[in-house]
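Just below is one structure, and these are the notes that go with it.
Indexing begins at 1, ligand by ligand and atom by atom, following the structure's order.
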Amino acid sequence: MAETMDVLVTNIGQLLTMASSGPKAGKEMQTLEVIEGAVLGIKDGKVAFTGTADEAAGLTASETIDCGGKLVTPGLVDPHTHAVFGGSREHEMALKQQGVPYLDILKQGGGILSTVEATRAASEEELVRKSSFYLDRMLSLGTTTAEVKSGYGLDVNTELKQLYVTKKLQDKHPVDLVSTFLGAHAIPKSHKDNSDVFLEEMSGMLQQVKDEKLAEFVDIFTETGVFTVEQSEKYLRKAKEYGFGLKIHADEIDPLGGTEMAAGLGAVSADHLVGSTDEGIRKMAESRTVAVLLPGTTFYLGKHTYARARKMIEEGVIVSLATDFNPGSSPTENLQLIMTIAALQLKMSPEEIWNAVTVNAAHAIGRTEQAGQLKEGRNADIVIWDAANYKYIPYHYGVNHVNTVLKNGKVVYQRGKISD
Ligand SMILES: O=C(O)CC1=NCN=C1
Ligand SMILES: [Zn+2]
C-alpha cells in the first residue's frame, strides 16, 4: 500500500544518515552508514524514511526533490561559537602578523576586552541583527544547529543582554541554537587585580540564568593571565550545583591542566585542548567528556602545534570539531573549512570528520537525540551538497559546497542560480 510523504528527496548518490545509538568514541569514529542510490522521505517536518530507491518503491509525495546523484547528509552541528558580539578586530591582524602573542594583546587591553567595549556599547537590537546575519551565513554553509556563548559583557547587565539576544535568535532564526553562559571569559579592566571578586559576581548570576532558562551550559576560559585551574574548578563546581552542563576553554595556549580538571568534574566538553597531556586525554576517555577541537583557531593564530586528535581517538575519546567563530581568534562561520584543516593538520579521516561535525558535535551540546543524524522521527535538517561523495567536502577547500539546506523539512537555503 502506497505511503504518502510530504516530500521525497530522490536520486541521492550517497546518503550519509550518521545513524548511531549515541556519540562515537575512538575507533568507532571510523564508522558511518552510507546508502548509495538512496531516497529520503519527509512527513510533518520529520524524517519518515531512509533507504534505497527499490525500498522506496511504494512511496508517493506531493513534492519531490531530485538530487541528481548528489551527496545528502544531516545538517552540520557547530558546538562552539561566540556568535553574539559587537564590533570586529581586523585591526589586530597587523599585530598577529608582527607575531604579537594572543595573550599579550589581551594583557594590553585588546582582544576579548576590545570586543567587550563594543558589545557593551551595542543595543540588543543591533546585536540581534548582527548575529542573525552571521547565522544566515552559517545556514548557507550547511550548519543547522549551533552553540552560542555569551562572554563579551563581563558585567551582569551586558552578559544578560547577550543571553537575551541568543534567546530572541532561538525564537526567530531557523538555525537551532544552544546557549552557554561564558561570563567567565576574561577579567574586565574594572577587576584587573581582583579576579576572585569578578568570578563571585558571575557566580551570582547563575540563579537568574537558571531561573530564566537563559543557558544550558556554563563555560570558563582557563588560561594564563585569565582564570587559574583552581579558580575554574571552584566556579564550575558551583555551576554544577545549579544543574548546568559544564564546558571549559582548556589548554588552548598554555598547558595548565584544565583538561584533567574538566574530565574530573564530568564536564560535557573540554574545548581547544592543544596542550592536553596524556593523562588529560586518558581522563577524558574515562569520563566521556567530548573533546571539542578548534583547529581553525590554531591556524588563525599562526600556531604550528595542533591538538593531538590522533592520540585522543587512539585512547577512545569522543572527538568533535567546531569553528570557534569569534571576532578575534577564529573569525569564520565555515565548518567546511574546519573539516579541511582537521584532515590536513589533525590527520583525521573523512569518516572521523563527518562524525565529528554531526553525531559527536550534537552530543557536545546536549542534542544527541535531536541533531546530527537522519533517522526516522528526527527533524528533517538536511543538506544537499554539490558533490558526489562525502570525501569530496574536506578535499576541495575554501569554497561553499552547499546546494540546498532543509530545516524541519522546509527549504531554507538554495545556492544562488547564476543567470545567463
Ligand atoms: O578572542 C576571542 O574573542 C575569543 C576567545 N576566547 C578564548 N580564546 C579565544
Ligand atoms: Zn571559544
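- The protein non-hydrogen atom at the shortest distance from atom 6 (N) of ligand 1 is H185 NE2, 2.7 Å.
- Using cut-offs of 30° and 60° for the angle between ring planes, the Y152 and H82 rings count as tilted.
- Atom 3 (O) of ligand 1 has as its closest protein heavy atom Y152 OH, 2.6 Å.
- Any N or O atom pair closer than 3.5 Å counts here, and T115 shares no such pair with ligand 1.
- A heavy-atom separation below 4.0 Å is found between I112 and ligand 1.
- Note: no N/O pair closer than 3.5 Å links H272 and ligand 1 by distance alone.
- For E90 and S88, the side-chain atoms include at least one donor-acceptor pair closer than 3.5 Å.
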> Between K168 and Y164, does a side-chain hydrogen bond (donor to acceptor under 3.5 Å, both in side chains) hold up when you go through it step by step?
Replying inline: CA-CA 6 Å; K168 281 190 177 160; Y164 290 139; over 6 Å; no
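- Aromatic ring centres of F325 and F85 lie closer together than 6.0 Å.
- Atom OD1 is the N/O/S atom of D324 found closest to the Zn ion (ligand 2).
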>> Evaluate R310 against E352 for salt bridge (Lys or Arg N to Asp or Glu O under 4.0 Å), listing each step before the verdict.
In response: CA-CA 10 Å; R310 289 270 36 106; E352 291 165 341; 2.8 Å; yes
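- Between R89 and ligand 1, at least one pair of N/O atoms sits closer than 3.5 Å.
- Taking a 6.0 Å sphere around CZ of F299, one finds it holds 12 or fewer heavy atoms contributed by other residues, nucleotides or ligands.
- Within the structure, the closest approach of S329 to ligand 1 falls below 4.0 Å when heavy atoms are considered.
- Between H80 and H249, the two ring planes are perpendicular [angle over 60°; tilted spans 30° to 60°].
- Residue side and main chain included, H80 places an N/O/S atom under 2.8 Å of the Zn ion (ligand 2).
- Counting protein heavy atoms only, atom 8 (N) of ligand 1 is closest to E252 OE1, 3.0 Å.
- Relative to the six-membered ring of F217, K247 meets both conditions, a distance below 6.0 Å and an angle of at most 45° to the axis.
- Contacts between E223 and ligand 1, counted as non-hydrogen atom pairs separated by less than 4.0 Å, are absent for every part of the residue.
- With atom 9 (C) of ligand 1 as the reference point, the heavy atom nearest to it among F221, F85, Y102 is part of Y102.
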